[in-house]
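Quick notes on the structure that follows.
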Amino acid sequence: MSPDHPPGLDLDRLRVLLDRERPGLVTGPLSGRLIEGGRSNLTYAVSDGAARWVVRRPPLGHVLATAHDMRREHRVISALHPTDVPVPRPVLLCEDEEVLGAPFYVMEFVEGTPFRTAEQLAPLGPERTRAAVLNLVDTLVGLHAVDPAEAGLADFGRPDGFLDRQLRRWAKQLDASRNRDLAGIDELHATLGRELPRSPAPTVVHGDYRLDNVLIGGENDEIRAILDWEMSTLGDPLTDLGLLAMYSSPLGMPDSPVSTTAQAPGHPAPAELIERYATRSGRDVSAVAWYTAFAWFKLAVILEGIHYRYTLGQTVGRGFDRIGDLVPVFIEHGLTTLQEG
């Protein structure tokens, strides 16, 4: 780790805070580094040479407070840590913006690998890959089995009208990014609205559940921690399943700037993941096509927003020039999913 202060992380101020709030926790000078791969909130690994922690804070420039609510993330992992759901142990929440320039929280560092691409999964081999992805489903079943009231999360969201609000939210996001014609996206949105399913009993919903948002490690490739809870709430659990099914579907685009693990040898097909979830959770998944199509729609909107910012010169880095080509692919997958049921 570099002893320098990464942008957004003042290690001297962090040390003063930890010494005051958690005396004896830190035993040496702190060093830190930014953990790559985050899409919005910033994540840092911090060490005193003997132990390691993780710091999560909003992006530099700190946009909408509701979009990067540190208190919310800290609350959900604090509530879930005593359960069987694997989450890092929370250490401290700091809402004093004088320390790092924004609210943040500290949690334990968990060893493990977030598998983001089929190429990263390939060395595991087909059998281990298959087991890891099926374990992803089983861990989701465990999350959705947590009683929100017993975990102290009864007021964590507004489950009534959840799907309708979600659909309106992403349609609003789409309108904010419109600068070109996108064939089929209005049809996809309208069809989703007409065929809105009836939600089952609400659960804690992760909101972005996929293989690269968990850490896998150990001899048995167990899921050691679920990460990135910024979109979590109380709502329809099948939205998590639909998103997982979407991310387990091959895009059919070589060298896509949006990676999925679906092409890895041994990776189970979406139908098998859905069946396993249904069997282990006991939930009715007959409307899962709607949830999967909604996931395609949501990602199409997100990608269009990235493409729009790219056209305005507001994004930097590799791959952004190809994001726009992906949006019609996601729209087509969403329409096909609804048609095939």
Side-chain angles (χ1 to χ4, degrees), residues 37-41 43 54 56 66-90 105 107 110 112 114-116 132-148 150-159 162-163 165-166 169-170 199-216 222-248 260-261 270 273-274 276-278 280-281 283 285 288 291-292 294-299 302:
R39 289 164 177 77
S40 51
N41 288 327
T43 306
V54 168
R56 286 270 285 176
T66 53
H68 306 282
D69 192 338
M70 296 296 99
R71 177 188 287 182
R72 189 172 188 82
E73 284 194 43
H74 182 265
R75 180 185 175 188
V76 72
I77 66 169
S78 298
L80 293 175
H81 188 256
T83 74
D84 291 334
V85 178
V87 294
R89 178 177 59 85
Y105 70 93
M107 59 184 168
V110 179
F115 290 98
R116 294 188 170 91
V133 178
L134 292 179
N135 195 21
L136 189 67
V137 177
D138 296 346
T139 304
L140 183 63
V141 171
L143 169 63
H144 291 166
V146 171
D147 185 316
E150 289 184 6
L153 294 170
D155 61 344
F156 193 58
R158 294 183 296 134
F162 177 76
L163 292 182
R165 282 199 313 277
Q166 284 283 302
R169 171 192 174 184
W170 291 105
S199 292
T203 70
V204 178
V205 172
H206 181 273
D208 197 16
Y209 193 78
R210 49 204 168 95
L211 199 59
D212 65 330
N213 272 342
V214 303
L215 295 175
I216 294 177
E222 70 265 18
I223 293 179
R224 291 186 159 180
I226 307 172
L227 307 176
D228 290 355
W229 290 89
E230 61 196 85
M231 299 180 73
S232 59
T233 188
L234 290 190
D236 190 325
L238 298 183
T239 54
D240 277 343
L241 180 63
L243 193 72
L244 183 57
M246 187 216 74
Y247 273 113
S248 300
T260 74
T261 56
L273 303 183
I274 292 165
R276 188 178 182 96
Y277 178 90
R280 303 215 165 192
S281 70
R283 286 190 175 85
V285 298
V288 71
Y291 294 92
T292 308
F294 173 66
W296 288 113
F297 172 73
K298 184 170 82 169
L299 264 292
I302 291 172

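Along the sequence shown, the residues carry numbers beginning at 1. Every heavy atom of this structure was used, including side-chain atoms; hydrogens, water molecules and symmetry mates were not. Source: prediction; values computed, not measured.
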### Task
Would you please name every residue forming a side-chain hydrogen bond (donor to acceptor under 3.5 Å, both in side chains) with Arg280, sequence neighbours left out?
Asp138
### Task
Return the set of residues passing side-chain hydrogen bond (donor to acceptor under 3.5 Å, both in side chains) with Asp236 (not counting sequence neighbours), or none when no residue passes.
Ser199, Tyr291
### Message
Could you work out, with side-chain hydrogen bond (donor to acceptor under 3.5 Å, both in side chains) as the rule, every residue matching Thr233, not counting sequence neighbours?
### Response
Arg72
#### Entry: side-chain hydrogen bond (donor to acceptor under 3.5 Å, both in side chains) partners of Asp155, counting only residues at least two apart
Arg75
### Query
Side chains of Thr239 and Lys298: does their closest heavy-atom pair fall under 4.5 Å?
no
### Query
Closest heavy-atom contact between Pro148 and Pro202?
CG-O, 4.4 Å
### Message
Let's go through Ile274 and Val288 carefully: what are the C-alpha distance in whole Å and the side-chain angles of both, what is the deciding distance for side chain to side chain contact (heavy atoms under 4.5 Å, CB included) to 0.1 Å, and is it a yes or a no?
### Response
CA-CA 8 Å; Ile274 292 165; Val288 71; 3.9 Å; yes
### Message
Tell me every residue that passes ring-ring contact (aromatic ring centres under 6.0 Å, His included) with Trp229, counting only those two or more places apart in sequence or in another chain.
### Response
His206
### Query
So, for Pro90 and His74, which heavy atoms are closest and what is the spacing to 0.1 Å?
CB-NE2, 3.8 Å
### Query
If you round to the nearest 0.5 Å, how far is CG of Leu243 from CH2 of Trp296?
10.0 Å
## Note on the structure
Rounded to the nearest 0.5 Å, the OG atom of Ser281 sits from the CG atom of Leu143 at a distance of 12.0 Å
### Query
Below 4.5 Å, heavy atoms only, C-beta onward: do Thr83 and Val146 meet side chain to side chain?
yes
#### Entry: Cationic N near anionic O, under 4.0 Å, Arg210 to Asp212
yes
### Query
Is the shortest heavy-atom distance from the side chain of Ile216 to the side chain of Leu136 under 4.5 Å?
no
#### Entry: Residues which pass side-chain contact (heavy atoms from CB on, under 4.5 Å) with Leu227, listed by chain and number, not counting sequence neighbours
Pro88, Leu215, Ala225
#### Entry: Closest non-hydrogen atom pair between Arg283 and His144, with its separation
NH2-O, 3.2 Å
### Summary
Nearest heavy-atom approach of Val133 to Leu211 is CG2-CD2, 4.4 Å
### Test side-chain contact (heavy atoms from CB on, under 4.5 Å) applied to Thr139 - qualifying residues, sequence neighbours left out
Pro86, Asn135, Tyr209, Ile223, Ile226
### Task
Enter the distance from Leu299:CG to Trp170:CH2 here, rounded to the nearest 0.5 Å.
8.5 Å
### Query
Taking all non-hydrogen atoms of both residues, which atom of Ala79 and which atom of Ala151 are closest, and how far apart?
CB-O, 3.3 Å
## Note on the structure
So CG of Asp228 and CG of Asp208: to nearest 0.5 Å the spacing works out to 7.0 Å
### Results of ring-ring contact (aromatic ring centres under 6.0 Å, His included) for Phe162 - residues two or more places apart only
none
### Message
For Arg165, is the CZ atom crowded, meaning more than 12 foreign heavy atoms sit under 6.0 Å from it?
### Response
yes
### Task
Check whether any side-chain heavy atom of Ile77 sits under 4.5 Å from a side-chain heavy atom of Tyr105, and report yes or no.
yes
### Gap separating the CD1 atom of Ile302 from the CZ atom of Phe297, nearest 0.5 angstrom
10.5 Å
### Query
Looking only at heavy atoms, what is the nearest atom pair of Arg56 and Met70, with distance?
O-SD, 3.3 Å
### Message
Counting C-beta onward and ignoring hydrogens, is there a side-chain heavy-atom pair between Leu238 and Leu241 closer than 4.5 Å?
### Response
yes
### Task
Output all residues satisfying side-chain contact (heavy atoms from CB on, under 4.5 Å) with Ser248, sequence neighbours left out; order by chain, then residue number.
Leu244, His267, Pro270, Leu273
